[in-house]
Amino acid sequence: MPSSRTAFEQTPLITPQRLLSDWRQIFDRSVLPEWLHTVTFPELIATADEGEDTKITVPQWAYIRIGRKLPWHCHIRVIELGALLELTRVGITVRTNSNHTEPRPQVYAKLSIPGAPHDNTPITRLFAGAMAGEAVTALGRRNDVSAWNAAIKADRHAIKDAREQTMRHVERLLREGAAAGTLPLGFDVAAYLDNLADLFRWMDQGLEPSNFHPSDPRRALAEQAAA
């Protein structure tokens with residue numbers, strides 16, 4: 001019986017297009033990795049009794065449970081969940097952690113990167129595309145981890161670019177997997193990296209200019225798109 005990670009590795013790449021057409025197959029419980037304990041689609045539940053004409057057939061949001069010792073439920077955009085799953089394909093997982101504040105510690109989710117525990121990035125930084133010198137805070141509910149709920153502010157203590165750092169480790173894990181012969185049979189490294197870039201581009205669509213620090217070049221692009 002293959003492990004859940006092996007089962008997931010045998011599935012086709014999760015492309016933005018497949019998230020529109022094949023989302024039921026992508027999120028089939030039998031192939032999801034172990035870190036993703038449950039996934040439901042609140043939009044589908046909310047419209048189930050409203051008649052065929054009003055049903056949402058392609059969900060934009062998911063409600064997931066992650067973490068074993070520190071279980072956490074959070075809202076996430078489907079495109080962001082697709083990107084997390086694709087990172088799983090090279091061995092990265094998602095774990096929960098606590099900031100240990102009193103009297104009520106706050107739980108959050110972060111990437112768990114093999115061989116680089118010092119670079120385990122909070123997923124909110126990844127989704128928001130936080131750069132060096134930027135911190136991410138929630139505009140609303142903390143359990144909404146989407147980039148749409150992220151405010152990016154200047155912070156000299158943040159010294160790493162979340163996506164650049166993550167992609168550096170993705171490429172390292174791909175090199176190590178190729179050298180060890182552990183990549184899935186027929187795995188196309190170039191296609192995989194191109195698809196991750198596509199997922200991040202789709203992830204950034206629709207963000208408000210206020211999400212970005214004034215010095216961030218993406219703010220100007222967002223302002224142009226909103227004009």
Side-chain angles (χ1 to χ4, degrees), residues 1-39 62 64-68 74 76-97 109-131 145-147 160-205:
M1 186 75 177
S3 69
S4 59
R5 183 184 165 201
T6 301
F8 176 72
E9 287 177 344
Q10 294 172 346
T11 64
L13 290 180
I14 299 172
T15 65
Q17 294 74 23
R18 287 195 66 226
L19 285 170
L20 295 175
S21 61
D22 300 331
W23 64 270
R24 293 184 187 277
Q25 289 76 21
I26 290 171
F27 298 113
D28 187 318
R29 178 69 259 177
S30 66
V31 298
L32 293 179
E34 292 179 356
W35 62 261
L36 182 55
H37 301 310
T38 62
V39 55
I64 64 174
R65 181 172 67 87
I66 53 182
R68 292 194 178 277
C74 54
I76 185 172
R77 288 188 297 158
V78 168
I79 186 69
E80 293 163 340
L81 182 54
L84 282 187
L85 288 171
E86 278 305 320
L87 293 175
T88 298
R89 206 179 288 274
V90 296
I92 294 173
T93 62
V94 181
R95 299 174 186 257
T96 52
N97 200 5
K110 63 180 182 179
L111 301 180
S112 180
I113 303 174
H118 53 287
D119 285 341
N120 288 343
T121 305
I123 62 173
T124 50
R125 286 186 61 80
L126 180 75
F127 297 157
M131 304 169 75
V145 299
S146 72
K160 297 177 181 179
D161 182 306
R163 292 188 188 172
E164 180 183 52
Q165 168 184 278
T166 299
M167 291 307 300
R168 186 169 65 250
H169 287 298
V170 165
E171 291 171 1
R172 170 181 62 82
L173 291 168
L174 288 169
R175 290 194 301 271
E176 292 174 356
T182 57
L183 293 180
L185 185 64
F187 190 82
D188 187 329
V189 170
Y192 174 78
L193 293 173
D194 286 346
N195 183 59
L196 264 184
D198 279 346
L199 289 170
F200 285 133
R201 276 193 292 270
W202 278 55
M203 200 182 296
D204 291 339
Q205 289 181 357

Approximate separation, where rounding is to 0.5 Å, of Ile92 CD1 and Leu85 CG: 12.5 Å
Results of salt bridge (Lys or Arg N to Asp or Glu O under 4.0 Å) for Glu164 - residues two or more places apart only: none
Inter-residue atom distance Arg172.CZ - Ile113.CD1, 0.5 Å rounding: 7.5 Å
Side chain Arg168, main chain Arg163, donor-acceptor under 3.5 Å: no
Minimum side-chain heavy-atom gap Leu87-Leu196 below 4.5 Å: yes
Backbone N/O of Pro12 and side chain of Arg18: donor-acceptor pair under 3.5 Å: yes
Val170/Leu193 under side chain to side chain contact (heavy atoms under 4.5 Å, CB included): CA gap, chis, key distance, verdict: CA-CA 9 Å; Val170 165; Leu193 293 173; 4.0 Å; yes
Gap between atom CG of Leu183 and atom CD of Glu176 - 0.5 Å precision: 10.5 Å
Where at least one partner belongs to residues 161-187, residue pairs that pass ring pair (Phe, Tyr, Trp, His ring centres under 6.0 Å), sequence neighbours excluded: Phe187-Tyr192
Val39 to Ala62 - nearest heavy-atom pair and separation: CG2-CB, 4.0 Å
Nearest atoms (heavy-atom pairs only) where Cys74 meets Val145: CB-CG1, 4.0 Å
Working for side chain to side chain contact (heavy atoms under 4.5 Å, CB included), residues Arg68 and His37: CA-CA 9 Å; Arg68 292 194 178 277; His37 301 310; 3.6 Å; yes
With Lys160 via salt bridge (Lys or Arg N to Asp or Glu O under 4.0 Å) - residues at least two apart: Asp119
Backbone of Trp35 reached by a side-chain donor or acceptor of Arg95 within 3.5 Å: no
Trp202 side chain near Leu19 side chain, heavy-atom distance below 4.5 Å: no
Euclidean distance, Ile79 CD1 relative to Leu199 CG, rounded to 0.5 Å: 5.0 Å
Trp23 side chain near Leu81 side chain, heavy-atom distance below 4.5 Å: no
NZ-CD1 distance between Lys110 and Ile66, expressed to the nearest 0.5 angstrom: 12.0 Å
Closest heavy-atom pair and its distance - Ala7, Ser30: CB-O, 4.2 Å
Beyond-backbone contact of Leu36 with Leu84, side-chain heavy atoms, under 4.5 angstrom: no
Nearest non-hydrogen partners of Ala147 and Glu80, listed with the distance: N-OE2, 2.8 Å
Pairwise side-chain contact, Met167 with Phe200, heavy-atom cut-off 4.5 Å (strictly under): yes
Point-to-point distance, once rounded to the nearest 0.5 Å, from OG1 of Thr166 to CD1 of Ile123: 11.5 Å
For Ala162 against Thr121, the heavy-atom pair lying closest together: CB-CG2, 3.8 Å
Thr93 vs Pro33 side-chain heavy atoms within contact, under 4.5 Å: no
Any Arg89 side-chain heavy atom under 4.5 Å of Thr11 side chain: yes
